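Data first, discussion second: the structure below is written as structure tokens.
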Amino acid sequence: MTASVGYEQVQAWVEIMLGQTHATVVRTTAWIVLCVLMAQRVTTAALARALPADQGGSGRARLTRVRRWWAGPPLEQTVVSPQLIQAALTLLPPGQPVVVALDTTRLGRWEVWLAGMVVGGRTVPIGWAVIPYPWPKGRFRTTTSALIQRLQEAFPPSVSWSVVADRGFPSALLFAQLRQAGTSCSIRLRLNVWVTVAGVYAMVAEHLEAGRLVVGQRTAAVMGGGQRDQPLVPGWIAVSAAVVVPPKHKQNPGTERERRQRATARAKQRARKYGRHTTPPSATARRYAQTWVLFTTAPTVPHAVAEYAQRMAIEETFRDWHSGWGVRHVAVALPTATMVDRLIGAVCLAYRLQMSLGQRLSADPLGQRRRAQWTATDRVSWFWCGQQLFHDPGYDWRAWLAAQWSMLIDRLVPGVDKAA
């Protein structure tokens, strides 16, 4: 099956994404991307089995070849990110705002940053970073800043975009960097973050208790304390108490039981981490547990809330990575950050290509008829549709797939009509 998909077609796509990268890196990356698509796993054994017979050799040689893939140089993001951004923009429906979700995922002794453009209920990767865990002192903030700077340099000047992130990311330096470059944001604040509201410098929880921050209102605020590493950054704080209702298919006793189990496991993890010093959440923390306090540049509270709500798309992407492709299982065993960086780069490229294939299948009349046979609710993602192209037991997609490569490549070439 790998041979029928075509290494040459995948290599042509990878060449565009990697630009002027060394030819050897292009060839190796093309093989990685092709085998990930075919195996739908990044484990060594799965990728080795995906190699065609005329390329892999013996079983031992296949395994050795796959292990060497992660020992090469990492992909240069100054080259890759602009291409990933341009490719992701082609997937956005006309008029949809460009929202970039930022989050991290723990892979054993590695922490991986991922920035992805929110498209089709998932995030299309456009940038990443890797550092050891536990984090070296000061590395979290500098890594976040460096990733944002790369994205700011990679985005076309004519494209307006906004960053959404959870409570672990806010800092005066980050907001200053975003505001200086004119990048919009809607980032959630912790209750213990210090901000200035109405001339009072206090924690967010104190502002809520004193009524200086009110649910449903957007209030002028200043982040930072005025020091060199905490510059003063003016902005707005939007407060929302809207409780996120689970999707209908998750409103059942089984899902509630899973949530209680996760809460119990979280409490046990805190007890192991802090020992007898563990304290239960305060009354204030419990009162505002479902309250979103967002430092934002959005013009209204509903706008800020709708923007930040798209952050959850990155959780779906992480689920595809870890539950579907086994990324965590592989990354845990890699000995160096460089090898993890190369793995994540290859995964980002393969994920981007599979999302494109799934999007084209979902827009095709043949694909729409097949989607109706896969599920009664049509609640399937582009990622899952792309997976079925290679593993659908009820239909042979090879002829359809062969007709897509030229269109996928043409959409990435400047000057070529992208309406195809």
Side-chain angles (χ1 to χ4, degrees), residues 101-114 116 118 121-123 133-135 140 164-170 186-193 203-205 208-209 215-216 238-294 304-332 375-381 383-384:
L102 176 66
D103 207 345
T104 68
T105 180
R106 187 76 46 76
L107 308 180
R109 57 198 182 98
W110 308 108
E111 189 85 10
V112 174
W113 273 246
L114 178 66
V118 179
R122 295 296 193 274
T123 53
Y133 181 84
W135 310 320
F140 188 96
V164 294
D166 207 356
R167 290 169 287 186
F169 289 92
S186 290
I187 299 179
R188 190 176 178 185
L189 302 178
R190 296 181 185 271
L191 293 177
N192 61 355
V193 170
M203 290 189 293
V204 168
L208 290 169
E209 292 290 303
V215 172
V239 183
S240 173
V243 178
V244 179
V245 179
K248 186 175 181 180
H249 67 284
K250 291 188 176 181
Q251 299 177 17
N252 56 70
T255 300
E256 291 296 330
R257 183 171 59 253
E258 291 177 0
R259 288 177 176 168
R260 288 194 297 270
Q261 291 173 350
R262 287 198 298 268
T264 301
R266 172 59 178 165
K268 291 181 178 179
Q269 189 270 340
R270 282 176 54 85
R272 288 194 301 268
K273 184 175 182 179
Y274 299 108
R276 61 188 178 87
H277 299 291
T278 302
T279 57
S282 65
T284 302
R286 292 194 299 270
R287 186 180 308 118
Y288 297 108
Q290 298 296 330
T291 301
W292 287 358
V293 182
L294 308 175
V305 171
E307 196 170 73
Y308 176 76
Q310 298 183 63
R311 189 203 71 83
M312 291 304 297
I314 203 168
E315 304 292 346
E316 300 293 337
T317 296
F318 285 148
R319 185 183 66 178
D320 295 336
W321 280 19
H322 302 320
S323 299
W325 283 1
V327 174
R328 177 178 284 113
H329 175 76
V330 175
V332 164
T375 172
T377 63
D378 198 38
R379 195 179 57 243
V380 289
S381 65
F383 175 84
W384 193 85

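All values derive from a computational prediction rather than experimental measurement.
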Side-chain heavy atoms of [X] within contact of [Y], under 4.5 Å:
X: V164; Y: L294; value: no
X: E209; Y: M203; value: no
X: V204; Y: Y288; value: no
X: S381; Y: E316; value: no
X: V193; Y: V293; value: no

| task | Apply ring pair (Phe, Tyr, Trp, His ring centres under 6.0 Å) to F140 and list each qualifying residue two or more places apart in sequence or on a separate chain. | result | W113, W135, F169
Please name the pair of heavy atoms, one in [X] and one in [Y], separated by the smallest distance, quoted to 0.1 Å.
X: A285; Y: L191; result: CA-CD1, 3.8 Å
X: L107; Y: A331; result: CD1-CB, 3.6 Å
X: T284; Y: A205; result: CG2-CB, 3.8 Å
X: V380; Y: T375; result: CG1-CG2, 3.8 Å
X: L189; Y: P170; result: CD2-CB, 3.6 Å
X: V118; Y: A313; result: CG1-CB, 3.9 Å

| query | Partners of E315 by salt bridge (charged side-chain N to carboxylate O under 4.0 Å, His left out), sequence neighbours excluded? | reply | R311
| request: Anything under 30° is parallel, anything over 60° is perpendicular, the rest tilted; go ahead and classify Y308 against W292. | output: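 Perpendicular.
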| task | From the options L102, T317, D103, select the one residue that forms a side chain to side chain contact (heavy atoms under 4.5 Å, CB included) with T123. | result |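 By the side chain to side chain contact (heavy atoms under 4.5 Å, CB included) criterion, T123 pairs with just one of L102, T317, D103: T317.
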| query | Among Q261, R257, E256, which residue meets the side chain to side chain contact (heavy atoms under 4.5 Å, CB included) test with R259? | reply |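 The passing option is E256.
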| message | Just by distance, no angles: are the side chains of N252 and T255 close enough, under 3.5 Å, to form a donor-acceptor pair? | response | yes
| task | For the pair R328 (side chain) and R106 (backbone), establish whether a donor and an acceptor sit closer than 3.5 Å, ignoring hydrogens and angles. | result | yes
| Short question: side chain of R188, backbone of R167 - any donor-acceptor pair under 3.5 Å? |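 Such a contact is absent between R188 side chain and R167 backbone.
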| task | Return the set of residues passing side-chain hydrogen bond (donor to acceptor under 3.5 Å, both in side chains) with H322 (not counting sequence neighbours), or none when no residue passes. | result | T105
